[in-house]
Amino acid sequence: MSDGGTTTLPGVVDHHVHLGLVDRRLLAGGPVTEVHDLGWDPREVTAWAAEPPSGLRIRYAGPFHTAPGGYPSGRSWAPDAAVRPVASPDQAAAAVADVVAAGGFAVKVALHAGMAPLPEDVLRALVGAAHGAGLPVLVHAEGPGEAERAIDVGADTLVHVPWTEELSAGVIARAAHMTWISTLAIHDGPGGSAGLTLALANARRFVAAGGRLVYGTDMGNGPTPVGVNEREIELLGTVLTGEALRRAVLGRVDAAPALAAPLPVPETAADLIAWLRAATRL
Ligand SMILES: [Zn+2]
């Protein structure tokens with residue numbers, strides 16, 4: 001929408017954050033209007049969502065579902081209550097019921113080739129129970145074959161564009177109905193360029209195949225900004241432009257506009273960054 005020199009747009013939706021690892025109060029009243037917490041103690045995140053910082057909607061998945069001893073068990077940033085070990089199909093059904101009871105919007109599953117593997121029957125039970133409850137399955141897939149495994153078991157979303165290997169054309173084609181969350185900037189540090197190159201190549205091929213790529217920062221993973229991650233938008237802008245870029249970063253186009261700026265509707269990543277810097281909340 002345009003009124004004189006001012007345009008309005010929906011707010012930024014960050015599809016991958018960990019509010020337990022940042023000062024979430026810094027998000028109050030900013031250009032980010034919705035965040036999806038993809039892994040934390042369900043009791044804590046439920047309380048934050050009930051009383052969010054001003055002007056912020058918090059949706060949450062609840063805990064990481066993983067094999068006993070699997071990723072991210074034991075990681076310094078992951079409290080015990082953020083990790084739900086699942087050892088059997090029965091436990092999978094109970095774990096999904098707990099997500100539903102806590103008001104989670106999705107079931108987060110961790111598949112990590114370098115740690116204790118989640119057995120196939122348990123993975124299938126998690127996906128079946130989640131879909132039975134009407135919840136999407138969001139997978140952290142890391143290491144050889146894990147993205148393909150997630151795709152072929154019927155996961156709805158990969159929470160990181162695959163960065164540990166180049167996916168084959170056949171695997172990309174089977175993923176084309178999915179959503180992938182960008183998190184490109186987390187690979188952008190020293191020693192991270194190989195991962196970034198692989199992620200960007202996979203992202204381009206996924207988008208070309210018709211896949212939906214959305215903005216997500218993994219806020220809290222390392223020294224990420226608490227707010228708009230301009231580097232993430234810059235990297236997304238090497239894959240998407242124009243309306244596709246706006247749809248990836250901002251909320252639904254038919255949602256009520258949340259932001260206004262005295263600039264034209266942004267077409268490139270640089271435009272969008274400048275627009276968001278100039279934006280105020282409506
Ligand atoms: Zn994460």
Side-chain angles (χ1 to χ4, degrees), residues 12-24 26-27 32 34-42 44-46 48-49 56 58-67 70-86 99 102 104-115 118 126 130 135-143 146-147 150 155-164 178-189 192 195-196 198-199 202-203 213-229 231-233 235-236 248-249:
V12 173
V13 178
D14 192 331
H15 292 81
H16 187 157
V17 307
H18 298 280
L19 291 177
L21 301 172
V22 301
D23 181 356
R24 61 190 178 280
L26 297 174
L27 294 165
V32 178
E34 180 174 319
V35 295
H36 298 180
D37 190 292
L38 299 191
W40 203 251
D41 177 345
E44 287 196 339
V45 78
T46 303
W48 301 335
L56 183 71
I58 298 174
R59 302 175 77 203
Y60 52 92
F64 292 83
H65 297 86
T66 193
Y71 178 83
S73 314
R75 295 287 162 106
S76 58
W77 52 264
D80 288 350
V83 181
R84 176 79 181 245
V86 188
V99 173
F105 81 99
V107 174
K108 172 85 180 275
V109 177
L111 299 178
H112 191 306
M115 295 181 70
L118 192 65
L126 281 167
L135 299 182
V137 176
L138 279 51
V139 176
H140 170 112
E142 178 167 0
E146 298 293 1
D156 304 276
T157 296
L158 296 182
V159 304
H160 304 282
V161 170
W163 76 101
T164 54
M178 297 177 84
T179 297
W180 287 4
I181 301 171
S182 58
T183 73
L184 298 163
I186 60 171
H187 311 300
D188 195 28
L196 180 58
L198 280 167
N202 284 327
L213 178 64
V214 297
Y215 170 86
T217 63
D218 208 5
M219 186 188 293
N221 174 352
T224 50
V226 183
V228 174
N229 187 325
R231 182 58 178 151
E232 190 66 42
I233 294 176
L235 290 166
L236 254 180
V249 177

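Remember, it's 1-based here, ligands and their atoms both numbered in the order they're listed.
Remark: Asn221 CG to Met219 CE distance equals 11.5 Å, nearest 0.5 Å. Taking OH from Tyr60 and CD from Glu44, the interatomic distance works out to 13.0 Å, rounded to the nearest 0.5 Å. With rounding to the nearest 0.5 Å, the separation of CZ in Arg59 from NE2 in His15 is 8.0 Å.
Summary: OD1 is the N/O/S atom of Asp218 found nearest to the Zn ion (ligand 1).
Contact annotation: His18 places an N, O or S atom under 2.8 Å from the Zn ion (ligand 1). At a cut-off of 2.8 Å, His140 does not coordinate the Zn ion (ligand 1) through any N, O or S atom.
Here Tyr71 and His140 bring their ring centres to under 6.0 angstrom of each other.
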